[in-house]
Amino acid sequence: MSVTVFRNARIFTPDDQGKPHAGQDQGSLVSYDVGALLMQDGLIVKIGPERDVLAALEPAVVDEAKDCQGKCLVPGFVDPHTHNCFASLRESEFALRLSGTPYLEILKQGGGILSSVKAVANASIDDLYANTKKQVLRALSLGTTTMEIKSGYGLDTVNELKMLEAINRVSMHTPVDIRATFLGAHAVPLAYRGKTDEFISMAIDEMLPAVARQGIAKQCDIFCEKGVFTIAQGRRLLSAAIAMGMKVKLHADEVNDLGGAGLAAELQALSADHLLAANEENMEAMARAGVVATLLPATAYSLRKPYARARTMLQKNLAVALATDCNPGSSYTESMPFVIGLAVLNMGMTPAEALTGVTLNAAYAIDMAHSVGSLNVGKQADFLILDGKSPAILAYHAGVSSVAEVYKKGIKVSS
Ligand code: NIG
Ligand code: FE
C-alpha cells in the first residue's frame with residue numbers, strides 16, 4: 001500500500017456526474033487555487049482544498065508528499081480517435097496534397113488509406129508493434145494517458161487481427177490505457193472495387209465474428225463517405241456489431257454531408273467523429289440521443305478545410321470531445337496540446353471547454369469514463385502538471401507542449 005499526496009497545486013478538472021458535460025456545462029470545471037490530491041495504490045482517494053485534504057490526514061501514513069509549487073494540475077488527456085497503428089508514413093502524398101490533389105482523389109487512385117493497407121500487409125506484428133509503441137510513447141510524453149487506436153489498414157481478416165494484436169501488445173507494454181476499435185470498413189480494398197455491398201457482407205460474416213473471438217476490440221467503426229461506404233452500408237455493419245455486443249462509433253460527415261451524424265443518433269453510438277459537414281438537424285438528433293461529437297481540428301488543419309462548428313454544437317447542447325485523429329494521411333500529430341490550441345484559437349472553444357473535451361467527454365466517447373477522464377475519487381490517478389497556472393497555458397504557449405510531468409496510476413511516467 002502506498003499513499004502519496006500532491007499539494008500546493010492549482011487543480012482544474014471536470015466533475016464526473018455520470019454523463020458527458022454537454023452544452024453550457026461543457027466549460028464547468030471544479031478548481032482549487034491551493035489544492036491537494038491524495039492517492040493510494042494508483043487511485044484518487046481525496047481531492048480538494050489543501051487544508052481540507054491535509055487536515056484529515058495522519059502524517060505518518062503518507063509515504064511521499066510532493067509540493068507542486070503552485071503549478072496547474074489537470075487530468076491526463078484521453079485521445080478518443082487515433083489510427084496510431086500503421087507501418088509507414090506517406091510524405092509523398094503530403095506533397096501531392098500541398099500541390100492541390102484532394103485527399104479523396106488520392107484514395108480513388110489507390111493511394112491514401114490503401115497505401116497504408118499495402119504497408120501493413122507487408123509488415124510483421126513486430127514491425128507494427130514497434131511503430132505503434134513509438135507513436136504511443138510520443139503521445140504519452142505530450143500528456144495522453146489513455147488512447148483509442150483503430151485497426152483499419154488491414155481490410156481483410158488476417159491483417160485486421162494482426163493490427164489488433166499489435167495494438168494489444170502495445171497496451172500491455174506501455175503505461176497508456178489503450179481502447180482498441182475495429183475499423184475493418186475503413187476503405188474498399190482493391191479486390192472489392194465495385195462490389196462494396198459484398199465487402200460489407202464479408203465484414204459481417206467473416207471479420208466481425210473473428211474480431212469478437214479474438215476479444216481485443218470492444219467497439220466497431222466505419223468510414224461513411226462519398227466513394228467509400230454509404231449510410232445504408234454503415235447501418236448494416238454497425239447493427240451487426242451491436243447484435244454481437246459491441247459498442248459503435250463512426251467517421252461521419254468528414255468531407256460530405258451524407259447523414260452520418262443522423263445514423264450515429266439512430267444507433268445511439270458512443271460518438272460520431274469529424275462532423276465537418278454535418279447538418280444542424282442531425283446535430284440536434286445526436287444531442288437528443290446523447291451521442292458525443294468527437295471533433296478532430298488537426299484534420300481540418302491538415303486538409304485545409306473549415307473547422308467543425310463547435311460553437312453551434314455546444315449551443316445545440318451537444319457534448320464535444322477532441323482528438324488527434326493521428327494517422328499517416330489526413331492528420332499526422334500525436335499532440336493533444338496542439339489540438340487544444342486549434343480548438344481554442346480556431347474553433348472558438350474556451351480553454352475550460354477544451355479541457356473537458358480532451359478529458360471527461362473524450363473518456364465517455366470511448367466508454368472509459370468509469371476509470372479515467374476526471375479527477376474524481378475512485379478513478380485512476382492519471383494527471384499532468386503543467387508549466388503554467390491554468391489550462392489556458394496549453395493553447396497560449398503555442399507550438400510546444402506545456403505538459404511538464406505526466407502521472408499514470410500515480411506513477412511518474414514522463415517529464
Ligand atoms: O479519420 N477518414 C478516414 N480515416 C482517417 C484517415 C486515415 C488515413 O488517411 O490513413 C481520418 O481522417
Ligand atoms: Fe479517423
Side-chain angles (χ1 to χ4, degrees), residues 80-81 83 103-104 107-108 112-114 117 148 150-157 160 180-189 192-209 211-212 217-279 281-286 288-296 299 308 318 321 323 325 327 330 365-367:
H81 181 141
H83 305 256
Y103 174 73
L104 286 177
L107 175 61
K108 209 164 153 195
I113 294 169
L114 295 176
V117 170
E148 186 254 21
K150 301 172 194 297
S151 66
Y153 296 128
L155 309 186
D156 62 30
T157 306
E160 285 292 312
T181 298
F182 169 58
L183 177 58
H186 191 193
V188 184
Y192 282 86
R193 279 260 160 115
K195 297 185 288 187
T196 312
D197 276 323
E198 281 175 42
F199 178 71
I200 292 292
S201 299
M202 186 281 281
I204 292 172
D205 297 339
E206 195 187 312
M207 288 205 266
L208 259 183
V211 167
K218 301 283 182 285
Q219 44 204 23
C220 180
D221 192 347
I222 182 168
F223 183 24
C224 287
E225 184 54 71
K226 212 169 175 177
V228 192
F229 298 104
T230 64
I231 296 299
Q233 289 161 344
R235 184 180 288 112
R236 268 182 76 207
L237 178 68
L238 297 181
S239 302
I242 291 169
M244 296 185 78
M246 291 175 98
K247 305 264 180 175
V248 299
K249 48 175 58 235
L250 60 157
H251 283 67
D253 309 326
E254 176 175 356
V255 184
N256 297 286
D257 177 16
L258 292 197
L263 179 62
E266 176 190 319
L267 298 176
Q268 297 193 303
L270 287 171
S271 68
D273 301 29
H274 285 289
L275 305 173
L276 301 185
N279 69 60
E281 205 177 304
N282 285 337
M283 290 178 196
E284 285 159 17
M286 277 176 61
R288 283 194 298 274
V291 178
V292 175
T294 297
L295 306 185
L296 310 155
T299 310
L318 272 163
D325 195 18
N327 73 76
S330 63
I366 55 170
D367 209 17

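Any value given below was found using the heavy atoms of this structure, including those in side chains, with hydrogens, waters and symmetry copies removed.
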To the nearest 0.5 angstrom, please state how far the CE atom of M207 sits from the CG atom of L155. 6.5 Å
Return the OG to CG distance between S271 and L250, rounded to the nearest 0.5 Å. 7.5 Å
So how far is it from L275 CG to M283 CE, rounded to the nearest 0.5 Å? 7.0 Å
Examine distances only and state if a side-chain atom of Q219 and a backbone atom of K247 form a donor-acceptor pair shorter than 3.5 Å. no
CD of E206 to CG of L208, rounded to nearest 0.5 Å, is 11.0 Å
Atom pair CE/OG of M244 and S239 - distance to nearest 0.5 Å: 13.0 Å
Do you see a donor-acceptor pair shorter than 3.5 Å between the side chains of H83 and D325? yes
In short, G259 meets N282 closest at the heavy-atom pair CA-ND2, 3.8 Å
Hey, does the side chain of D253 reach the backbone of L258 with a donor-acceptor pair shorter than 3.5 angstrom? yes
Under the 3.5 angstrom rule, does the side chain of E225 hit a backbone N or O of N256 as a donor-acceptor pair? yes
Least distance between heavy atoms, Y192 atom then M202 atom: OH-CG, 3.5 Å
Flag the pair L104 / V255 as yes when at least one side-chain heavy-atom distance between them is below 4.5 Å, and no otherwise. yes
Are T181 and D221 close enough that a side-chain donor and a side-chain acceptor fall under 3.5 Å? no
Apply side-chain contact (heavy atoms from CB on, under 4.5 Å) to residues I113 and V228 and explain how you reach the verdict. CA-CA 11 Å; I113 294 169; V228 192; over 6 Å; no
Using the side-chain contact (heavy atoms from CB on, under 4.5 Å) rule, take K249 and I366 through it: C-alpha gap first, then chi angles, then the decisive distance, then the call. CA-CA 9 Å; K249 48 175 58 235; I366 55 170; 3.9 Å; yes
If you take all heavy atoms of I231 and C224, which pair is closest and at what distance? CD1-CB, 4.2 Å
Mind telling me whether H186 and Y153 have parallel, tilted or perpendicular rings, with 30° and 60° as the class edges? tilted
So which heavy atom on I204 is nearest to which on A240, and how close? CG2-CB, 3.8 Å
Do the non-hydrogen side-chain atoms of V248 and L270 ever get within less than 4.5 Å of each other? no
If I compare all heavy atoms of V291 with all of A265, which pair ends up nearest, and what's the gap? CG2-CA, 4.0 Å
Heavy-atom closest pair, residues A187 and L114: CB-CD2, 4.2 Å
Rounded to the nearest 0.5 Å, what separates atom CG in L295 from atom CG in D273? 8.5 Å
Do C220 and L238 come close enough that some side-chain heavy atom pair is under 4.5 Å? yes
Should E254 and F223 be marked as a side-chain contact (heavy atoms from CB on, under 4.5 Å) after you check the CA-CA gap, both sets of side-chain angles, and the distance that decides it? CA-CA 9 Å; E254 176 175 356; F223 183 24; 3.4 Å; yes
Test side-chain contact (heavy atoms from CB on, under 4.5 Å) applied to F229 and D197, L237, I222, the passing residue: I222
Ignoring hydrogens and angles, state whether a donor on the side chain of T230 or R235 is under 3.5 Å from an acceptor on the partner side chain. no
Classify the side-chain pair H251/H81 by whether it contains a donor and acceptor separated by less than 3.5 Å. yes
